[in-house]
Amino acid sequence: IGKRLAAAAVAAVVDGAEVDLDTVLPDGAEVAVVTADSDAGRTVLRHSTAHVLAQAVVDLWPGAQYAIGPAIADGFYYDFSLPGGATFSDDDLEQITTKMRAIMAEDQPFVRQEHAIDEGLALFAEQPFKREIITGVAGDSALQAEASADFVPDAAVVTTYRNTDSFVDLCRGPHVPSTGRLGHFALQRVAGAYWRGDEKRPQLQRIYGTAWESDKALAEYLTRLEEAERRDHRRIGAELDLFSFPSEIGSGLAVFHPKGAAIRRLMEDYSRQRHEAGGYQFVYSPHITKADLFEISGHLQSFAEGMFPPIEIDEGQSYYLKPMNCPMHILIFRSRQRSYRELPMRLFEFGTVYRYEKSGVVHGLTRVRGLTMDDSHIFCTRDQMAGELDSVLTFVLDVLRDFGLDDFYLELSTRPEGKAVGSDEDWHDATEALRAAAQDKGLELVMDEGGGAFYGPKISVQARDAIGRYWQVSTIQLDYNLPARFGLEFIGADNGRHQPVMIHRALFGSVERFFAILLEHYAGALPTWLMPVQVVVLPVRDDHNAYAETVADSCRKAGVRATVDIADEPLGARIRRWKMEKVPYILVVGDDDANSSTVGVNARGSERPDRGVGVDAFVAAVVAEVESKGSPEIRRDSAAGAAGR
């Protein structure tokens, strides 16, 4: 290969398997080079950097026990237990970084070795976590999959990578050829973590870091992190007084304050309007149900770890907080005999569900224990299925665009091995139907092998936000299996009994999570149509208060949400306060405005106000902006573009 490609190479794929660059090639092998700037190459860089992190910690804290250190999205981590109960502090990260850079400067080779099980156990005699991986994986195929980053698939062989005589790590690889190929990294923070994610196992200390192929790529990522921190919905929610998580209620359970509730109501109301126009019928279902329902659906067998423990109410009868709405919608369909003339039947509900998330993964509104799903379940015939899939995917993408998300790709999740119910034929047909619907939209389609629900494959809409992050929002699942498990039927045109097809669809995903995504996408400056206060009128002096109320009334009569902040403190202080509230329009009125029926318009994001704007013209412009689902910034950009043309 050429010198440039050779310099960029960090690993290779030989006959479908990732290997180190010093691997001897068999005759006739199919070979692909993995470069540092590819996703696969960055994974190799990050896992190799995690290996150096462990080496540095062991050098600095002799006797330290090291557990696992995988690559993760945009970075890596490594878990440790320090001798004598010592703990890391954030100040230690600088010392560890210095040690890591010294190891990288020495350009130590990564040397791969294979050992028998007994040899591996002896090699890690002082490392109990590594020994547990070896002994557990050797006899357990499920653990092999779980620990694949640390162990080769052949349970009779232990694979290690050695940098020096003093440090060796258990790892499947591949790694970069030597530590000198690394260096564009940053250690970020220290956190706690339980071994194997089990709260009953030892608590370890986790060091998080990130690694990239160049200093430029690293700097760009760190800049994105800073921007993400500025946009963190938890910070914005507190600053704008939108929601909170009172400790008296419990982890992962949010309460929405008046302004946050107003935004949420606007989101939900618009969704209801679109669903009503799309032929959906609204339903309601209870928050709790007998265990029998989830035994029939299969959730108790396949989703029990995500459900809260049962509640014993009646003698010998267990009840569960519902983790999803679909079984109840199925019972609505099954409540009486259905005819083909009623199909497709599109049921819709804002249904609150409850899922047991471990405390370590609960995160703001994006990972909660009580969430509201904007759930739809469509029951249709096989002949109607393709049209319904196309219709629902079009519907989803259109509504997401109305909320300002317009950069998507689609992910197709297939049958989860060992967890799926139903026949291979049904799974194949359902997967191909989803594939055809996705491909018709002309968007990039990415495969997620084995990521489907236990009852059917799904399409996930991945939406890109303002700073380049992708979020999973809407999901569409095609299900032949739950209708069979519940014995659903309809009477066809031939007077025969037929089983309907079921399409599960969540548009927002959950209201709470979508709320958070919008806050971070817009950095809290939501489009005008979603803001609880769209216009605030500031009189310059108290003798302008009456005129300010007249302006606000003109706004309210046109459906614009307006308020008046009377002149009981300096004008500059009031302007600053409302700018912090990110209100779209601040109107300042004084003598000239009262005499001429005008206002001074301070549009959010503008550098200077517009003076002498007629009240009627301003109100008409805001109404048009709201109807177009726009924002002040978008309106100004459009006006500038039109002027330029």
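Side-chain atoms are counted along with the backbone in the values below, which use heavy atoms only and exclude waters and symmetry mates.
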Fill in: Aromatic ring pairing Tyr354/His287, orientation class (parallel under 30°, perpendicular over 60°, tilted between)
tilted
Item to complete: With sequence neighbours excluded, tell me which residues meet side-chain hydrogen bond (donor to acceptor under 3.5 Å, both in side chains) with Lys441.
Response: Asp390, Thr394
Fill in: Pi-cation contact, Tyr77 with Arg206 (under 6.0 Å, within 45°)
yes
Worksheet item: Between Thr475 and His504, do the side chains contain an N or O donor and an N or O acceptor separated by less than 3.5 Å?
Response: no
Item to complete: Using the ring of Tyr208 (Phe, Tyr or Trp, six-membered ring only), decide whether Arg189 places NZ or CZ under 6.0 Å from its centre and within 45 degrees of its axis.
Response: yes
Fill in: Check against side chain to side chain donor-acceptor pair (under 3.5 Å), Glu625 and Tyr585
CA-CA 12 Å; Glu625 179 184 307; Tyr585 292 101; 2.5 Å; yes
Worksheet item: Does any non-hydrogen side-chain atom of Lys582 lie less than 4.5 Å from one of Tyr522?
Response: no
Under 3.5 Å donor-acceptor pairs involving side-chain atoms of residues 529-538, not counting sequence neighbours:
| residue | atom | partner | partner atom | Å |
| --- | --- | --- | --- | --- |
| Gln534 | OE1 | Arg561 | N | 2.8 |
| Gln534 | NE2 | Thr528 | O | 3.0 |

Worksheet item: Considering residues, nucleotides and ligands other than Glu305, do more than 12 of their heavy atoms fall under 6.0 Å from its CD?
Response: yes
Discussion item. Looking at every heavy atom in both Thr179 and Ile103, which two are closest together, and how far apart are they?
Written reply: OG1-O, 2.9 Å
Response to the item:
From the list Phe350, Phe348, Tyr270, ring pair (Phe, Tyr, Trp, His ring centres under 6.0 Å) with His275 holds only for Phe348
Worksheet item: Are a donor atom and an acceptor atom from the side chains of His175 and Ser48 found within less than 3.5 Å of each other?
Response: yes
Discussion item. Would you say CE of Met447 has more than 12 non-hydrogen atoms from neighbouring residues, nucleotides or ligands within 6.0 angstrom?
Written reply: yes
Worksheet item: If you look at every heavy atom in Ser89 and Val190, which pair is closest and at what distance?
Response: O-CG2, 4.1 Å
Discussion item. Does any part of the side chain of Ser376, heavy atoms only, come nearer than 4.5 Å to the side chain of Leu507, both counted from C-beta?
Written reply: no
Worksheet item: Is a side-chain donor or acceptor of Glu239 paired with a backbone partner of Met580 at a separation under 3.5 angstrom?
Response: no
Worksheet item: How about Asp90: does its CG atom have over 12 heavy atoms from other parts shown lying under 6.0 Å from it?
Response: yes
Discussion item. Please give me the minimum heavy-atom distance between Leu365 and His233, naming the atom from each residue.
Written reply: N-NE2, 2.9 Å
Discussion item. For Phe515, does the six-membered ring have the charged nitrogen or CZ of Arg264 within the cation-pi criterion, i.e. under 6.0 angstrom from the centroid and within 45° of the normal?
Written reply: no
Practice prompt. Please assess Arg577 against Asp565 for the test salt bridge (charged side-chain N to carboxylate O under 4.0 Å, His left out), listing each intermediate value before the final yes or no.
Written response: CA-CA 11 Å; Arg577 183 173 67 247; Asp565 189 355; 2.3 Å; yes
Worksheet item: Where the side chain of Ser628 meets the backbone of Ala624, is there a donor-acceptor pair that is under 3.5 Å apart?
Response: yes
Worksheet item: Would Trp195 and Asp79 count as having a side-chain donor-acceptor pair, cut-off 3.5 Å?
Response: no
Worksheet item: Taking all atoms of both residues into account, what is the closest heavy-atom pair of Leu82 and Thr87, and its distance?
Response: CD1-C, 4.0 Å
Worksheet entry | Contact summary for Ala567 and Val540, nearest pair of heavy atoms | CB-O, 4.0 Å
Practice prompt. Give the ring-plane orientation class for Phe243 versus Phe245, where under 30° counts as parallel, over 60° as perpendicular and anything between as tilted.
Written response: perpendicular
Worksheet item: For Arg224, what residues pass the side chain to side chain contact (heavy atoms under 4.5 Å, CB included) criterion, not counting sequence neighbours?
Response: Trp212, Glu220, Tyr221
Discussion item. When you measure from the side chain of Arg574 to the backbone of Pro539, do you find a donor-acceptor pair of N or O atoms at a distance under 3.5 Å?
Written reply: yes
Worksheet item: Nearest heavy-atom pair of Gln188 and Leu225: which atoms, and what distance?
Response: NE2-CD1, 3.1 Å
Worksheet item: With distance as the sole test, does Arg355 use its side chain to make a donor-acceptor pair with the main-chain N or O of Gly306 at under 3.5 Å?
Response: no
